[in-house]
**Student:** 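After the structure tokens below, expect a handful of questions from me.
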Amino acid sequence: MKRNIVERLTGRLRRFARALHADQPEGAADDLVRETIEAALTARDTVERSDIRICLFHHMVDKARAAQKDKPAPAAIAAADPDMPDMIAALANLRFEERTAYLLVALEEFGYADAATVMRIPYDVLATRVAQARMRIDDFFEEASRRSSATRGTPPGHLRIVK
Amino acid sequence: MFSSKLVSAAELSAFLDGETDPSRRALLREHLRTSPADAQRLTRWRQREEALRTTFAPAIREGAGPMAPLARSLDQKVFPRDRRPEARVLGESSRPSEEPIRGAVGGGIGGLALIGKRQRRHTLIVAVAAFLAGAVAMLAAIALIDGASRITALYTPAPTSQDSR
């Protein structure tokens, strides 16, 4: 019998929350994780669900989606902002639905069918959003390298990996 | 240029995620051989996703952190069977010994197959407990008999050793 499945999943939830909240201040991600687990605790359907992972990520997407509707859309973040690791800046530049779809597939390695279930959207819509996110990230990095080559003296940072 | 019209970015994206329709897979592989631009794009996407996982790897290393108690309470709700007291008795440490026992009393357990899974688990626990109790009782009895005979053995030669002096 498997033990502490949720506890082991929580690291993944925290990772996803941080990536999802790329456009928000630190601390917001762990608040989202807490809200997610609390929502799963009070939800009636949690126990019946065979896949706790899908269930938890669904609660998280639900919470994040509701929260970002209350806020105005973030202004496009300037490429290669020195204060922001570039992958995070690229994520922050995506629309919420694109970012979510992309992260579920590229970071959390969900299959399209499961990711679509998590987001409660059709399979084809999910596939489109993932592709759109990839193209938008391409555009972001292209723009970033164009800017950094235009302003000489500042080091190009688009290939930096920040741990 | 012409081939990039046949294969859209969306299809390339799905190919990267292993979600391509099987009937298109061979065509896509062929397309990637003949279109270096798209092959490059695919490599770029793949590298970017590795960078993405590296960027957020610390969260995995940190694990549940301060959320651990909350996570455990959800574990308890979703998988309550793991938290029943008898499940704790048969916890991780006693698990390896479960196999030989199951083999030894295999015939008896086979007969339990018709009973529900939960009940079967209960019965197994009771059977194991009874077996262990019996074994302990027997060992105790052997030890007692053994001890008693050893005492008599000690008492009897004692005077003989004194006699021989």
Side-chain angles (χ1 to χ4, degrees), chain A residues 1-19 29-30 33-34 36-38 40-41 46-47 49 52 55-56 85-88 90-91 102-103 105-107 109-113 115 123-124 126-128 130-135 137-138 141 159-163, chain B residues 7-21 37 40-42 44-84 86-88 90-92 95 98 117 121:
Chain A
M1 189 58 65
K2 290 171 186 174
R3 294 161 71 90
N4 300 337
I5 291 172
V6 178
E7 200 182 334
R8 276 185 278 128
L9 260 174
T10 306
R12 289 181 152 253
L13 287 171
R14 291 177 89 192
R15 171 172 76 172
F16 183 67
R18 279 180 208 180
D30 273 359
V33 176
R34 205 166 281 121
T36 299
I37 301 175
E38 276 163 5
L41 268 168
T46 305
V47 180
R49 261 184 219 294
I52 184 73
C55 169
L56 281 168
D86 289 306
M87 200 60 221
I88 294 178
L91 290 174
Y102 176 70
L103 289 173
V105 171
L107 182 64
E109 294 169 86
F110 275 102
Y112 282 12
Y123 180 99
D124 291 341
L126 180 105
T128 307
V130 173
Q132 277 171 346
R134 285 194 171 118
M135 287 187 278
I137 293 170
D138 273 351
F141 282 112
L159 286 175
R160 199 167 29 136
I161 293 166
V162 176
K163 289 192 180 177
Chain B
V7 175
S8 65
E11 225 175 338
L12 214 57
S13 168
F15 182 75
L16 178 62
D17 299 320
E19 301 274 348
T20 307
D21 195 89
Q40 248 173 20
R41 175 142 70 164
L42 208 64
R44 199 168 61 226
W45 284 349
R46 205 173 277 140
Q47 284 168 347
R48 204 161 277 157
E49 275 149 41
E50 266 164 42
L52 180 72
R53 284 190 284 271
T54 311
T55 304
F56 293 101
I60 297 293
R61 284 196 292 271
E62 285 166 36
M67 261 79 74
L70 193 63
R72 273 196 292 270
S73 59
L74 183 58
D75 263 315
Q76 209 160 340
K77 187 195 172 190
V78 182
F79 308 101
R81 263 199 280 172
D82 275 3
R83 290 293 177 277
R84 285 207 317 261
E86 61 266 39
R88 241 180 234 164
L90 279 175
E92 234 110 77
R95 195 151 298 168
E98 221 174 33
K117 205 178 173 187
R121 210 186 149 127

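By convention in this document, chain letters (A, B, ...) are assigned in the order of the sequence lines, proteins followed by strands, and residues within each chain are numbered from 1. Reckoned from all heavy atoms, side chains included, excluding hydrogens, waters and symmetry mates.
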**Student:** Any side-chain to backbone donor/acceptor pair from B:D75 onto A:E7? Under 3.5 Å, distance only.
**Tutor:**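 Present.
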
**Student:** Checking A:Q132 against chain B: side chain, backbone, both or neither under 4.5 Å from a heavy atom?
**Tutor:**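 Neither; nothing under 4.5 Å.
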
**Student:** Is the shortest heavy-atom distance from the side chain of A:F141 to the side chain of B:R44 under 4.5 Å?
**Tutor:**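 Sidechains of B:R44 and A:F141: no contact.
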
**Student:** Mark yes or no for whether B:R72, through its side chain, and A:N4, through its backbone, hold a donor-acceptor pair below 3.5 Å.
**Tutor:**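 Checked: no pair found.
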
**Student:** Between the side chain of B:R53 and the main-chain N/O of A:A106, is any donor-acceptor distance below 3.5 Å?
**Tutor:**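 Judged by distance alone, yes, a pair lies under 3.5 Å.
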
**Student:** Quick one: pull up CE in B:M67 and CG in A:D30 and give me the separation to the nearest 0.5 Å.
**Tutor:**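 CG of A:D30 is found 3.5 Å from CE of B:M67.
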
**Student:** Is there side-chain contact between A:M87 and B:R48, with at least one heavy-atom pair below 4.5 Å?
**Tutor:**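 Answer yes - side chains close enough.
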
**Student:** Using a cut-off of under 4.5 Å for heavy-atom pairs, which of B:S13, B:P69, B:A10 has the most such pairs with chain A?
**Tutor:**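 Of B:S13, B:P69, B:A10, B:S13 has the most heavy-atom pairs under 4.5 Å with chain A.
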
**Student:** So which atom in A:A131 and which in B:A9 form the shortest heavy-atom distance, rounded to 0.1 Å?
**Tutor:**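 Where A:A131 meets B:A9 most closely, the heavy atoms are CB-O, 4.4 Å.
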
**Student:** A:F16 versus chain B, heavy atoms under 4.5 Å apart: side chain, backbone, both or neither?
**Tutor:**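 Contact with chain B involves no heavy atom of A:F16 at all.
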
**Student:** What is the distance from atom CZ of A:R18 to atom OG1 of B:T55, rounded to the nearest 0.5 Å?
**Tutor:**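 Going from the CZ atom of A:R18 to the OG1 atom of B:T55 covers 12.0 Å.
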
**Student:** Check each atom of B:L16 against the heavy atoms of chain A and say whether the ones under 4.5 Å are side chain, backbone, both or neither.
**Tutor:**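 Just the side chain, heavy atoms under 4.5 Å.
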
**Student:** How long is the span from the CD atom in B:Q76 to the CG atom in A:L41, to the nearest 0.5 Å?
**Tutor:**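 If we round to the nearest 0.5 Å, B:Q76:CD and A:L41:CG are 10.0 Å apart.
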
**Student:** I need the B:D17 CG to A:F110 CZ distance, nearest 0.5 Å.
**Tutor:**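 Answer for the CG-CZ pair, B:D17 versus A:F110, is 13.5 Å.
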
**Student:** Looking at A:R134 and B:W45, would you say the former's side chain and the latter's main chain have a donor-acceptor pair under 3.5 Å?
**Tutor:**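 Pair absent, no side-chain N/O of A:R134 close to backbone of B:W45.
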
**Student:** Measure across B:L74 and A:A40 and return the closest heavy-atom pair with its distance rounded to 0.1 Å.
**Tutor:**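 Looking at all heavy atoms of both residues, the closest pair is CD2-CB, 3.7 Å.
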
**Student:** A side-chain contact here means heavy atoms from C-beta on lying under 4.5 Å apart; do B:L70 and A:V33 qualify?
**Tutor:**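 Not in contact.
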
**Student:** If you look at every heavy atom in B:E19 and A:Y112, which pair is closest and at what distance?
**Tutor:**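 In terms of heavy atoms, the two residues are closest at OE2-N, 2.8 Å.
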
**Student:** Rounded to the nearest 0.5 Å, how far does CG of A:L107 lie from CZ of B:F56?
**Tutor:**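 One gets 7.0 Å once the value is rounded to the nearest 0.5 Å.
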
**Student:** Nearest heavy-atom pair of B:P66 and A:R14: which atoms, and what distance?
**Tutor:**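 Scanning both residues, the minimum pair turns out to be CD-NH2, 3.9 Å.
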
**Student:** Do B:V78 and A:I5 come close enough that some side-chain heavy atom pair is under 4.5 Å?
**Tutor:**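 No, their side chains stay 4.5 Å or more apart.
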
**Student:** What part of A:V130 gets within 4.5 angstrom of chain B, counting heavy atoms only: side chain, backbone, both, or neither?
**Tutor:**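 For A:V130, the contact with chain B is made by backbone and side chain together.
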
**Student:** Under a 4.5 Å cutoff for heavy-atom pairs, which residue among A:L9, A:I137, A:T128 has the most contacts with chain B?
**Tutor:**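 The answer is A:I137.
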
